[in-house]
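Remarks on the structure that follows.
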2 protein chains.
Amino acid sequence: MALTREQVVDAAVGVLADFGLADLSMRRLARELDVQVGALYWHVKNKQELLVDVAARLLGGVGRLPEAEATPRDAVASLATAIRTALAPVPDSAEVVQLAQTMQPAALEPLTWLRELLEEAGVAPQHSAWARHLLLNHILGSVAAQQDRSSLEAVGEAGGPDLGEDAFAWGVGTILDGLGI
Amino acid sequence: MALTREQVVDAAVGVLADFGLADLSMRRLARELDVQVGALYWHVKNKQELLVDVAARLLGGVGRLPEAEATPRDAVASLATAIRTALAPVPDSAEVVQLAQTMQPAALEPLTWLRELLEEAGVAPQHSAWARHLLLNHILGSVAAQQDRSSLEAVGEAGGPDLGEDAFAWGVGTILDGLGI
DNA sequence: ACCTGAACACCGTTCAAGT
DNA sequence: ACCTGAACACCGTTCAAGT
C-alpha cells in the first residue's frame, strides 16, 4: 500500500515530539517509514512545506471556543492558554510554528482566531494585527523559554527563573491590561 | 600572523550581516579567512559558542543610558528601541540573540539592563524577570517579523501588515501600560 | 502513480600529524 | 601555539530509471 502525505506528517510529528527538531531530518523520516529519501519528495515539495503541515497538526486540536466564556477578555486569554497547552509538550514547537506562520499565515487557523477575538473584546481594527503579534510572541516565547529551561536542567545546568504557567498567565494579563480590555 | 578569535567573530558577523544565518557555516567562515575548517576549532569551542560572541557583538554598541531620560518609563522604552535598532539591519539577528540568550544569558549585557530599568521604573522584583521576557519577546518578534516581511517581498510575495517602527513603539507602549508604569 | 538508486553539493566536529 | 589534511557521520534536494 502506497505511502500517503498523512503518514509522512504523522511520522514528522512523532519524531519532533520524541526527539526534537534537530533529529527531524528527511533522511531520518525516510528510515522511520522504511522508504528511500527521494520517495518523500513525491508527497511533499520540501522540508519547509512539511513543517507547515506539522505546525498545523500541532494546533489542530485547539478549538475556537472551548466553552462559553464569561467575558470577551476571558475568551482571548482562554484561546492563548489553549495554544500554549498544545505546544508546551512538543520540543521546539515554537520554532516550527514561527516558521509556519511566516511561510503560510493562513494555514494556522487558531492563530487567526486570536485577532478576531481581540477585536470582539474591543481592540481597534487598526491595532488588532499588532495586538495579535504581541500576544503570539508572548505565547511562543513562553513555550520556547520553558523548553530551553527543561533541556538545560536535563544537562545539569541552571536555567534561570521559572517561566511556567504562572509567568504565562501573568504576561497574558499584562498585555490585555495594556490593551485596555 | 596568527588568526585570532576576534577575526573569526568579525568574519561571522560579516557573513551574517551580508548573507544571513543560512550562509553562516564554519566552512564558509574558513574559506573567508583563507584557512582550513579545523583551524577555527582552535579559537572557538563550537559554532554555538561563536554565535554567542556574534550576538554580544551585535548588541555591543547599545549603551546603557544614551542620554538622561525624562522618566524611568522613557528609559525602558529608549533601551528597547536601541536594542531593536541594533538588530534590525542584520538578517536573522533575532534568532542568534535568542540562541545566545538561552545558552549564556549573562553574556548579553544590554538585555540584563532591561530588567534593572524596569525595576527602577516601578516593576516589582517578583515580576521584573517576567516583564523583561515580555519586552524581549516583543523586541525579537518584531525584528524577526520585519525581516521575514522584507525577504518575502524580495521573492515577490505579500508579507502581511506592516510591522515596522510604528508597530514596535505601539507594542512597547502597550506593555508598559499593562505594567502600570 | 509511486518509488529506488545514486548522485550533487553541502554540513559540524575531531584529531593525528606537521611547523 | 597554531594550523593542515583527512576523515566520520551526517544534511536537503534532484532525477533518471524502474515497477
Side-chain angles (χ1 to χ4, degrees), chain A residues 1-55 91-92 95-96 98-100 102-104 148 151-152 155 157, chain B residues 1-55 91-92 95-96 98-100 102-104 148 151-152 155 157:
Chain A
M1 198 183 82
L3 189 65
T4 67
R5 183 177 175 122
E6 291 289 297
Q7 289 175 61
V8 176
V9 177
D10 282 347
V13 171
V15 172
L16 185 68
D18 295 343
F19 304 96
L21 195 55
D23 281 18
L24 179 43
S25 70
M26 298 301 277
R27 300 180 111 100
R28 167 74 180 263
L29 239 41
R31 232 178 296 136
E32 214 96 359
L33 293 162
D34 268 308
V35 98
Q36 299 295 315
V37 218
L40 301 178
Y41 287 84
W42 200 92
H43 297 279
V44 301
K45 188 166 165 284
N46 51 39
K47 190 180 177 179
Q48 297 213 346
E49 194 196 80
L50 172 58
L51 290 178
V52 171
D53 274 31
V54 169
D92 306 316
E95 278 105 307
V96 176
Q98 183 109 5
L99 191 260
T102 299
M103 298 216 351
Q104 288 188 43
D148 291 340
S151 38
L152 282 181
V155 183
E157 291 187 50
Chain B
M1 198 182 83
L3 189 66
T4 67
R5 184 178 175 122
E6 291 289 297
Q7 290 176 60
V8 177
V9 177
D10 282 346
V13 170
V15 172
L16 184 68
D18 295 343
F19 305 96
L21 195 55
D23 281 19
L24 179 43
S25 71
M26 297 302 278
R27 301 179 111 100
R28 167 74 181 262
L29 238 42
R31 232 178 296 136
E32 214 96 0
L33 293 162
D34 268 308
V35 99
Q36 299 296 316
V37 217
L40 301 178
Y41 287 85
W42 201 92
H43 297 278
V44 300
K45 187 165 165 284
N46 52 39
K47 189 180 177 179
Q48 297 213 348
E49 194 196 80
L50 172 58
L51 290 178
V52 172
D53 275 31
V54 168
D92 306 316
E95 278 105 308
V96 175
Q98 183 109 7
L99 191 260
T102 299
M103 298 216 350
Q104 287 189 44
D148 291 340
S151 38
L152 282 181
V155 184
E157 292 186 49

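Here is how names work: the chains are called A, B, and so on, in the same order as the sequence lines, proteins then strands, and each is numbered from 1.
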Query raised in the report: B/D92: what forms a side-chain hydrogen bond (donor to acceptor under 3.5 Å, both in side chains) with it, not counting sequence neighbours?
Result: none
Query raised in the report: Can you name the side-chain hydrogen bond (donor to acceptor under 3.5 Å, both in side chains) partners of B/Q7, sequence neighbours left out?
Result: B/T4
Query - With sequence neighbours excluded, residues passing side-chain contact (heavy atoms from CB on, under 4.5 Å) with A/S151 - result: none
Query raised in the report: For C/dA1, does either OP1 or OP2 sit under 4.0 Å from a side-chain N or O belonging to A/H43?
Result: no
**Report entry** Short side-chain N/O contact to C/dC3 OP1/OP2 from A/Q36, under 4.0 Å
**Finding:** no
Report summary line: Residue set satisfying side-chain contact (heavy atoms from CB on, under 4.5 Å) with A/D18, at least two apart, ordered chain then number -> none
Query raised in the report: Mind checking what makes side-chain contact (heavy atoms from CB on, under 4.5 Å) contact with A/A11, not counting sequence neighbours?
Result: A/L29, A/L33
Requested in this report: Give every residue pair that meets the side-chain hydrogen bond (donor to acceptor under 3.5 Å, both in side chains) criterion with at least one member in residues 33-55 of chain B, sequence neighbours excluded.
Outcome: B/R5-B/E49, B/R5-B/D53
Report task. Sticking with atom P, work out how far C/dA9 lies from D/dA9, rounded to a whole angstrom. Result -> 23 Å
Query raised in the report: Do A/L50 and A/M26 come close enough that some side-chain heavy atom pair is under 4.5 Å?
Result: yes
Query raised in the report: Does the side chain of B/L24 come within less than 4.5 Å of B/L21's, by heavy atoms?
Result: yes
Requested in this report: Figure out the CG/C1' separation between A/L33 and C/dC2, and round it to whole Å.
Outcome: 14 Å
Query raised in the report: With A/E32, which residues qualify under side-chain hydrogen bond (donor to acceptor under 3.5 Å, both in side chains), at least two apart?
Result: A/R28
Report task. Can you sort out the partners of B/A55 under side-chain contact (heavy atoms from CB on, under 4.5 Å), two or more places apart, ordered by chain and number? Result -> B/V96, B/V97, B/A100, B/L108
Report summary line: Expected string for nucleotides 8-19 of chain C under the B/S/- scheme (protein heavy atoms, under 4.0 Å, primed atoms plus P, OP1, OP2 as sugar-phosphate) is ---BBBBB----
Report task. Stems involving DNA chain D: give each as a range paired with a range, ordered by first number, where a stem means at least three consecutive Watson-Crick or G-U wobble pairs under 3.5 Å. Result -> C:4-8 with D:12-16, C:12-16 with D:4-8
Query raised in the report: In residues 1-17 of chain B, which residues come under 4.0 Å of DNA chain D by heavy atom?
Result: B/A2, B/L3
